[in-house]
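In listed order, ligands and their atoms are each counted from 1.
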Amino acid sequence: MWRFLRAAVPAARQKAQLVQERAAQTSASGARGRKPWKEGLRRKMLEPRIPLRRVEELIATLHPEQRAVVDLALDGQNIFLTGLPGSGKSYVLKQLVQLLQHRDGLPSVGVTASTGVAGIHVQGSTIHSFLGCGRAESQKDWEEAAENPKVHERLGALKTLVIDEVSMLSGEFLDRANELICRVRGGKVFGGLQVIFCGDFLQLPPMKREVMAFEANAWSELQLKCITLQQNYRHFDDRLRTLLCQLRSGPSSAPSAALRALKTPEEEEAMAYPTIVSTNKEAQAENQRRLEALPGDEHAYEATDSFELPGSTARQALQHGRFEKLLKLKVGAVVMLLVNKRLPHRCHRGAPRAFSMPSLTSGGALAALEALAKPNQMMALPEEYRETPLVNGSVGVVVGFETSPELPDDATAYPVVEFAKGLRVTVTPVTDSGELGFLGQYERRQLPLKLAWALTVHKMQGLTLRSGELKLARVFDTAQLYVALSRFQSLDSVAIRSLPVRWPVPCERAQRARAFHAQLEKDMGLVETSPVVAEVGDCS
Ligand SMILES: Nc1ncnc2c1ncn2[C@@H]1O[C@H](COP(=O)(O)OP(=O)(O)OP(=O)(O)O)[C@@H](O)[C@H]1O
């Protein structure tokens with residue numbers, strides 16, 4: 001079906017352009033005074049990044065089971081795309097998105113994921129920032145989203161909404177998202193949008209909420225067609241495949257014994273990264289250790305906080321805020337950006353120039369970088385771990401510190417961070433605000449960065465890593481082990497530094513997820529690797 005797309009493209013592109021032109025005419029006042037060159041740049045950014053011919057070539061190389069997904073999507077079906085880790089769910093999603101963008105125009109396809117890192121992986125944003133609902137923690141967040149003209153414009157132009165790593169969203173979130181979209185667009189479930197969910201509920205569940213996405217009301221109303229991909233493109237090591245199968249299929253002593261046998265001896269300690277840990281506390285300790293090991297001066301940035309109700313309880317509650325109270329950095333520190341600075345659809349050819357800083361004038365910072373035995377730390381970061389768009393989750397390396405009269409506080413030296421492809425940005429403070437339950441509103445002003453040599457398993461879901469190490473002494477669920485191990489292609493590329501003393505028991509939610517997938521596979525009669533498509537309603 002996708003072969004016949006070419007004929008439909010020019011008309012669709014014209015239509016998309018028209019929608020954009022109309023939006024530009026009627027929307028904010030800023031649009032009125034837009035300069036012609038800016039308009040040209042805006043149009044260019046609205047074109048799909050990869051030419052149609054190339055997209056078609058890539059689609060032609062997909063496995064038949066992956067192509068079945070493309071055909072269903074072009075047919076306008078709501079889809080739940082699932083399968084083993086490494087079965088190419090995100091890969092096929094990326095090609096499909098390109099195709100839909102060529103057919104319907106860029107603004108018609110909303111590409112999102114449940115976390116910033118997963119969003120980068122599919123060249124999209126978080127579903128939270130797409131819907132403008134912040135962290136979606138309070139009614140106020142949803143109200144603000146419903147009144148935000150940008151959200152109206154975005155949802156108004158939309159035809160298809162894609163959400164990757166949907167297993168990490170709660171059922172409650174999905175129902176609230178559905179309400180918001182219906183309120184803005186009117187009409188049926190998800191405002192009549194075509195919805196494409198992608199994920200695997202045997203990987204990580206949502207952080208806190210109990211109801212899983214497949215248990216949401218909206219999920220059953222969508223009447224999703226389900227496809228389970230079965231090919232494995234990531235793991236070429238048979239030992240790893242066997243281990244993952246054992247972990248996936250339930251509690252057993254076998255994976256525990258096999259994993260323990262693979263534990264890397266202590267004396268082989270090397271500074272590999274990323275280091276995957278299970279809790280934020282462990283990530284903090286590991287990052288601190290790495291920072292201390294770096295030579296050079298430390299720069300400390302203390303957040304300024306303000307609360308509606310001052311007091312120690314409020315201060316304590318903010319300890320676990322998104323931005324650090326005290327952030328310490330050095331040249332050579334690996335950091336993660338915590339806000340969206342440049343969303344993927346703005347990353348058209350050449351666009352990085354708009355954000356890059358002039359090269360560092362002081363030789364000091366570069367000399368300090370050279371002094372760090374590793375010549376270029378960025379080169380050592382896996383490609384998938386440092387994609388170009390500057391969004392929540394982008395990883396880079398501090399290459400210097402800079403003061404400038406144009407920066408907010410001209411006495412403070414702010415970090416210059418090098419992201420992928422040599423893109424350098426001076427990171428300055430931003431204000432994060434939110435609600436601390438009955439304590440009322442708070443504001444924190446801080447640099448939107450955190451150290452990122454070590455990250456929790458939650459930040460790694462969706463990635464394929466070429467190398468790294470696991471410190472999993474504190475895992476509390478088998479899904480964490482499963483996701484952490486399944487990021488690597490082979491057991492030879494991962495150093496297993498620590499494992500839990502007592503083997504974790506799958507939590508109650510994991511058991512419900514297992515039952516859900518078992519039912520799905522039973523309904524689809526999954527015995528061979530041909531494309532299998534469930535009938536309408538099978539996933540509800
Ligand atoms: N048809 C394909 N041809 C070539 N490479 C592929 C194909 N499908 C997937 N891959 C590669 O396999 C790896 C795993 O793919 P991907 O990350 O999309 O898997 P996934 O199912 O989304 O995994 P996870 O559930 O862990 O997020 C990636 O490196 C991807 O580029």
Engineer: Between the side chains of Q519 and D523, does any donor sit under 3.5 Å from an acceptor?
Structural biologist: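 Note: Q519 and D523 side chains meet the donor-acceptor criterion.
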Engineer: Pick one of side chain, backbone, both or neither for how Q66 approaches ligand 1, counting any non-hydrogen atom pair under 4.0 Å.
Structural biologist: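 For Q66, only side-chain atoms sit under 4.0 Å from ligand 1.
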Engineer: Can you figure out which of D164, T464, L465, N232 has its heavy atom closest to atom 29 (O) of ligand 1?
Structural biologist: T464
Engineer: What orientation do F80 and F516 show, parallel under 30°, tilted 30 to 60°, or perpendicular over 60°?
Structural biologist: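 The rings of F80 and F516 sit tilted, inter-plane angle from 30° to 60°.
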Engineer: Please could you name the atoms of ligand 1 that S87 approaches to less than 4.0 Å, counting only its heavy atoms?
Structural biologist: 19 (O), 21 (O)
Engineer: May I ask you to check if ligand 1 and L463 share an N or O to N or O distance below 3.5 Å?
Structural biologist: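 Not met; the criterion fails.
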Engineer: Could you tell me whether ligand 1 has any atom less than 4.0 Å away from a heavy atom of G86?
Structural biologist: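 G86: in contact with ligand 1 (<4.0 Å).
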Engineer: Among R497, E469, E282, K471, which residue satisfies the side-chain hydrogen bond (donor to acceptor under 3.5 Å, both in side chains) criterion with T275?
Structural biologist: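 The residue from R497, E469, E282, K471 that satisfies side-chain hydrogen bond (donor to acceptor under 3.5 Å, both in side chains) with T275 turns out to be E469.
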Engineer: Check each of G88, S486, S90, C198 against atom 19 (O) of ligand 1 and report the one with the nearest heavy atom.
Structural biologist: G88
Engineer: In plain terms, say whether R53 and E57 are close enough for a salt bridge, that is, a side-chain N and a carboxylate O under 4.0 Å apart.
Structural biologist: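 No.
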Engineer: Does an N or O anywhere in Q203 fall below 3.5 Å from an N or O of ligand 1?
Structural biologist: yes
Engineer: One residue to check: L84. Relative to ligand 1, which of side chain, backbone, both or neither has a non-hydrogen atom less than 4.0 Å away?
Structural biologist: backbone
Engineer: I'd like the name of whichever of R487, Q489, E165 reaches closest to atom 26 (O) of ligand 1 through any heavy atom.
Structural biologist: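 Among R487, Q489, E165, the closest heavy atom to atom 26 (O) of ligand 1 comes from R487.
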Engineer: Find all atoms of ligand 1 within a distance of less than 4.0 Å from any non-hydrogen atom belonging to P85, and give their numbers and elements.
Structural biologist: 23 (O), 24 (P), 25 (O), 26 (O)
Engineer: Quick one: salt bridge (Lys or Arg N to Asp or Glu O under 4.0 Å) partners of D237, sequence neighbours excluded?
Structural biologist: R239
Engineer: Please report the C-alpha distance between Y233 and Y91 in whole Å, then the side-chain angles of each, then the deciding distance to 0.1 Å, and finally whether the ring pair (Phe, Tyr, Trp, His ring centres under 6.0 Å) criterion is met.
Structural biologist: CA-CA 10 Å; Y233 289 90; Y91 183 84; 7.2 Å; no
Engineer: Show which side-chain atoms of residues 190-198 pair as donor or acceptor with protein atoms under 3.5 Å away, not counting sequence neighbours.
Structural biologist:
unit_1: Q194; atom_1: OE1; unit_2: T160; atom_2: OG1; d: 3.1
unit_1: Q194; atom_1: NE2; unit_2: A73; atom_2: O; d: 2.9
unit_1: Q194; atom_1: NE2; unit_2: Q77; atom_2: O; d: 2.8

